[in-house]
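Since the structure comes first, as structure tokens, the remarks are kept for the end.
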Protein chains: 2
Amino acid sequence: MDDEYNIDNFIEKFSKNCDNVQKKYFKKNQVITTYIQKRNQICILLQGEADLVRYDFNGLKSIIEHYAQNDVFGEAFYTVTVNNELSVEAKKNCEVLFFSYDNLYNECKEHCDFHKILMNDFSKIMVEKMKLVNTRIEILTKRTTREKILGYFDILSTRKFSKSFEIPFSLTDLADYLSVDRSAMMREIKYLKDEGIIEKDGNKFTILTD
Amino acid sequence: MDDEYNIDNFIEKFSKNCDNVQKKYFKKNQVITTYIQKRNQICILLQGEADLVRYDFNGLKSIIEHYAQNDVFGEAFYTVTVNNELSVEAKKNCEVLFFSYDNLYNECKEHCDFHKILMNDFSKIMVEKMKLVNTRIEILTKRTTREKILGYFDILSTRKFSKSFEIPFSLTDLADYLSVDRSAMMREIKYLKDEGIIEKDGNKFTILTD
DNA sequence: ATATGTCAGTTGCAAATGCAACAATATTAT
DNA sequence: ATAATATTGTTGCATTTGCAACTGACATAT
């Protein structure tokens with residue numbers, strides 16, 4: 001991760017108030033935004049944690065993405081269709097920056113430096129985000145629950161440079177993230193434990209194979 | 001799609017040769033690039049069709065993405081790991097533009113206009129690409145083969161503004177793209193036909209429900 | 001302190017899925 | 001024209017998965 005772009009500097013520069021940017025606060029479980037209108041909205045999560053979730057016609061929930069500090073999301077990255085109910089839900093108290101992609105290439109009234117910086121930094125942020133999204137696809141294209149679990153664990157392990165790591169959300173949410181049934185996932189985790197492939201202690205897992 | 005950024009103008013500007021950009025030609029079935037080294041490579045498919053494929057340890061193939069004219073891909077968008085063998089394979093004869101993301105924000109020796117244009121346009125391209133990738137995630141997070149098929153068909157239908165459409169690859173490849181077993185997919189397609197939900201004529205499908 | 005709600009962990013059962021194998025057709029190469 | 005190759009279509013069978021339902025543990029609110 002050491003060669004990744006650090007968004008912190010970018011956020012720092014936001015502090016000079018730009019008239020096209022809004023900062024809002026959300027309490028845990030509040031809905032931050034819903035992807036229903038085409039308004040090219042882009043958001044940056046300054047503080048807290050949130051999930052992008054979809055509810056299908058059965059009310060079945062899928063966690064599409066999980067956001068932590070400095071993650072970027074927004075309806076601008078989605079083709080909004082009728083059949084999808086996408087929304088971003090705060091999992092903790094959140095501080096969120098909103099702006100429109102439409103304004104990205106227009107200078108604001110104050111002629112602030114913000115847009116120049118934004119244009120320069122935006123594509124770097126995008127490349128980083130693309131990596132995350134592609135990682136997610138890697139996991140989802142695995143055919144079995146077992147492979148999805150191990151695929152995700154491998155990524156967490158690689159990120160931490162350690163065979164032991166914690167999952168960044170509850171097991172219930174992990175099932176949603178891997179897009180599998182929770183009980184089926186629990187069963188598979190049990191099998192993996194029984195076969196000596198992993199160890200589990202609450203939300204902390206250890207990969208035992210070389 | 002009418003509000004989408006049109007890459008054609010961008011490609012047009014490439015014609016002024018920039019020393020950091022290479023154009024290469026590939027025959028059908030040739031490997032365009034393999035994601036094994038960290039070199040921040042970005043590619044634009046000027047002509048032809050190609051697939052980003054993964055072969056897992058069993059040799060099982062998954063089509064991660066399908067590229068048509070003007071699509072953008074490259075190892076820069078992936079976190080290269082040991083356990084993944086990713087490569088881009090030409091499905092037809094291809095003409096591909098290669099450049100490195102590292103050079104994106106440095107002027108080239110010739111001080112050509114290319115980089116300025118690239119910087120300005122790149123984030124727009126990225127937003128479009130992000131939409132495609134997120135669409136893919138939408139499909140993959142569906143729990144059943146039926147939902148994946150219908151989800152994908154719905155997208156194709158929406159893109160064409162028509163209940164009838166052709167899939168852009170073979171049924172074999174479609175199964176890989178949806179990340180399901182081919183025979184299971186064929187069976188499900190048969191059920192969908194039997195239930196009067198879809199009609200099939202070769203690679204052309206029609207959605208019969210309102 | 002007690003109630004309420006969320007999360008982890010299990011299990012039986014039915015349904016969906018993957019696997020293997022094969023035949024029929026279509027496409028491509030020689 | 002013919003052979004070789006790829007694709008489509010199908011089926012039986014074993015395995016995996018999802019669903020529903022329930023218990024116990026834990027946390028939070030009143």
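Each chain gets a letter, A, B and so on, in the order its sequence line appears, and its residues count up from 1. Please read all numbers here as calculations on a predicted model, not as lab measurements.
Residue B:Tyr177 contributes atom OH, which lies 21 Å from atom C1' of D:dT7 at whole-angstrom precision. Atom CZ in A:Arg182 sits about 11 Å away from atom C1' in D:dC22, given to the nearest Å. As a whole-Å value, the separation of B:Lys204 NZ from D:dT8 P is 17 Å. Atoms CD (A:Glu147) and P (C:dT17) sit 16 Å apart, rounded to a whole Å. Spacing between atom CG of B:Asp181 and atom P of D:dT10 amounts to 15 Å, rounded to whole angstrom units. The CZ atom of B:Phe169 sits 17 Å away from the C1' atom of D:dA6 (whole-angstrom rounding). Here C:dA8 presents its P atom at 9 Å from CG of A:Leu174, a figure rounded to the nearest Å. Regarding B:Asp201, its CG atom lies at a distance of 12 Å from the P atom of C:dA26, rounded to whole Å.
Between A:Arg146 and B:Thr172, it is B:Thr172 whose nearest contact on DNA chain D lies nearer the 5' terminus.
Between A:Asp176 and B:Arg143 a salt bridge is recorded (basic side-chain N to carboxylate O distance below 4.0 Å).
Of all non-hydrogen atoms in A:Tyr35 and A:Gly74, the two that sit nearest each other are OH-N, 3.0 Å. Here the closest heavy-atom approach between residue B:Leu171 and residue B:Phe205 is recorded as CD2-CZ, 3.9 Å. Closest approach of B:Gln47 to B:Leu45, counting heavy atoms only: O-CD1, 3.2 Å. Across all their heavy atoms, B:Met185 and B:Val180 have their closest contact at CB-CG2, 3.9 Å.
Within the 4.5 Å cutoff, no side-chain heavy atoms of B:Glu49 are placed close to those of B:Phe169.
Listed for the B:Glu188 side chain is no donor-acceptor partner under 3.5 Å among the backbone atoms of B:Arg146.
Within residues 186-197 of chain B, the residues that place at least one heavy atom under 4.0 Å from DNA chain D are, in residue-number order, B:Met186, B:Arg187, B:Lys190.
When distances run from any side-chain atom of A:Ala184 to the nucleotides C:dC7, C:dT17, D:dG18, the shortest one goes to D:dG18. Set against D:dG9, C:dG9, D:dT17, the side chain of A:Leu171 has C:dG9 as its closest nucleotide. If you check C:dC19, D:dT17, D:dA20 against the side chain of A:Ser183, the one that comes closest is D:dA20.
In this structure, A:Lys200 reaches the C:dG9 phosphate: one of its side-chain N or O atoms is under 4.0 Å from OP1 or OP2. Remark: A:Thr145 is in phosphate contact with D:dT17, judged by side-chain N or O atoms under 4.0 Å from OP1 or OP2. Applying the 4.0 Å criterion to OP1 and OP2 of D:dT8, one finds that B:Asn203 has a side-chain N or O inside that range.
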